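Following: one structure in structure tokens, then a few remarks.
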Amino acid sequence: MELPFAESFKIKMVEPIRKSSRQEREKWIKSAGYNLFGLSSDKVFIDLLTDSGTGAMSDRQWSEMMLGDESYAGASSYYKMKNAIQELLGFEHFLPTHQGRAAENVLFSVLIKEGDVIPGNSHFDTTKGHIEFRKATAVDCTIDEAFDTTLSHPFKGNVDLLKLEEVLISKGDKIPFIIVTVTCNSSGGQPVSIENLKMVRQLADKYGKLVVFDSARFAENAYFIKLREKGYQDKSIREIVREMFACADVMTMSAKKDAIVNMGGFIAMRSKELHCKASVFNIMFEGYITYGGMSGRDMNALAQGLYEGIEFDYLETRIKQVEYLGGHLMEYGIPIQQPIGGHAVFVDAKRFLPHLAKEEFQAQTLAVELYLEAGVRGVEIGALMADRDPVTRENRYPSLELMRLAIPRRVYSNNHMDVVAVALKNIFDRRDTIRKGLKIVTEAPIMRHFTVVLDLV
Ligand code: F0G
């Protein structure tokens, strides 16, 4: 008999989590304004809000914490990080930042000016936020297949090269760079193929543009390339990662994902000149260029995490757990983005609750239902997150209205995944009884989903 699959780690430290009653949860979610971000974590049983900064560090990462060098300038921890980035990702220069959006803030301060246009594949919300904050525009050039959750395509994160070239031709002088997010979070944790990355590089070269990778989940992207792209089965994740980054001039990194740390990020680049320019903003916003908002111990854990994050066995364990959850949901007939993403399962709320109007925020309604059902916290990736149009101030309704169940790295067991799956099945079975959604009471002018206050319609 073939041995079943099992995790590539064992557990040394545990953290209790608490169950609650439906009655308690009804009270708590109401006082949180039906916004899951407003709940304190002790009111959550299984927390799938995000896979960002929520992973469990390894014994080796914790050991590295003890070796952190907290010198203000020139700490050995900085050099550890520099070596890991150079060796694994191939970039000569880098700047540490406290997280991914800080890397965006610093880099975009150098590269983006008012009126610019930044094409890419479904920009992440902070990326878009930092673009729009500078009165520039993000143009989504993701392939159309990504927006049909019933279609199975191996690389739904791919850039549509025709759409990209059209923008390069029509807005050429306004484009400082192209940004490619690997994997593409907003389209469902979907990977970008090496072939596509190479074609983007070619187009960028043809029009003389920089290519920036938003690299939060670059290792998961490499794993999918190994599994799905012809000619890559026998290559190591490390080799694939190098080949991916060979197509980029610059990368921003939220290390809270694939470097498996609780806090940290960086910008890496080939150009010394860009490093020099970005250093000024790094010092202003983040800290001196050899720590950039991170403590020495965090830089050590990050460097170690980069090595662990690209180990095949680790990635297989991780992604198989996401598939495990997604597989159960599919068995129950629950509509999800297919194929299943790298870091999360994305439930298609439009197909789950088709009888609710889009103005009633279907994905948020579903996320609230899931919390009420079992104390599971997911997150809305839909109309609330899409915000209002900065010019017209009208609500934007994206083609995908999703509830994301993001799975923290090395944290939950498959028993937890079973609870999530059954909870959603219960809701799916009684979906017709959910007659009303939510309405906005108060909202912030930008990135409103974090703090929006809602009420039942
Ligand atoms: N880019 C991508 C693709 C992301 O998914 C995130 C964060 C960021 C940039 C920003 O990084 O949080 O370190 O400032 N995504 C988290 C999420 C928050 O839940 O998907 P950050």
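We count residues from 1, following the sequence as given. All values below come from the heavy atoms of this structure, side chains included, with hydrogens, waters and symmetry mates left out. What you are looking at is a predicted structure, and each value in this text was computed from that prediction instead of being measured. Order of appearance sets the numbers: ligands from 1, and atoms from 1 within every ligand.
In terms of protein heavy-atom proximity, atom 21 (P) of ligand 1 is nearest to Q99 NE2, 3.3 Å. Closest to atom 1 (N) of ligand 1, if we only count protein heavy atoms, is D214 OD2, 2.7 Å. Here the protein heavy atom with the shortest distance to atom 12 (O) of ligand 1 is R101 NH2, 2.9 Å. What sits closest to atom 8 (C) of ligand 1 on the protein, heavy atoms only, is F124 CD2, 3.4 Å. Atom 9 (C) of ligand 1 has E104 OE2, 3.4 Å as its closest protein atom, hydrogens excluded (heavy atom only).
When only interatomic distances are considered, the shortest N/O to N/O separation between A216 and ligand 1 does not fall below 3.5 Å. Some N or O of S254 is nearer than 3.5 Å to an N or O of ligand 1, by distance alone. When only interatomic distances are considered, the shortest N/O to N/O separation between T127 and ligand 1 does not fall below 3.5 Å. Every N/O-N/O distance between D51 and ligand 1 stays at or above 3.5 Å. No N or O atom of T126 sits closer than 3.5 Å to an N or O atom of ligand 1. Taking any N or O of T181, backbone or side chain, none lies under 3.5 Å from an N or O belonging to ligand 1.
Side chain to side chain, K257 and S52 meet the donor-acceptor criterion of an N or O pair below 3.5 Å. At a cut-off of 3.5 Å, with distance as the only test, no side-chain donor of R101 or S254 sits close to an acceptor on the other residue.
A salt bridge links R318 with E220: at least one charged nitrogen is closer than 4.0 Å to a carboxylate oxygen.
With Y291 as the partner, the ring-ring contact (aromatic ring centres under 6.0 Å, His included) test is satisfied by one option alone out of Y79, F266, Y72: Y72. Of the options Q99, M284, H130, a side chain to side chain contact (heavy atoms under 4.5 Å, CB included) to N105 is made by H130 and by none of the others. A side chain to side chain contact (heavy atoms under 4.5 Å, CB included) with P119 holds for exactly one of V159, I175, L203; it is I175.
Between R404 and ligand 1 there is a heavy-atom distance shorter than 4.0 Å.
Between F245 and F213, the two ring planes are tilted [angle within 30° to 60°].
Two rings, from F94 and Y78, have their centers less than 6.0 Å apart.
Short contacts between ligand 1 and K257, defined as distances under 4.0 Å to a heavy atom of the residue, involve ligand atoms 4 (C), 5 (O), 6 (C), 7 (C), 8 (C), 11 (O), 12 (O), 13 (O), 15 (N), 16 (C), 18 (C), 21 (P).
Only the side chain of K256 comes within 4.0 Å of ligand 1, judged by heavy-atom distances.
Residue pairs meeting the salt bridge (charged side-chain N to carboxylate O under 4.0 Å, His left out) criterion with at least one partner in residues 128-153, sequence neighbours excluded, are E132-R396, D144-K163.
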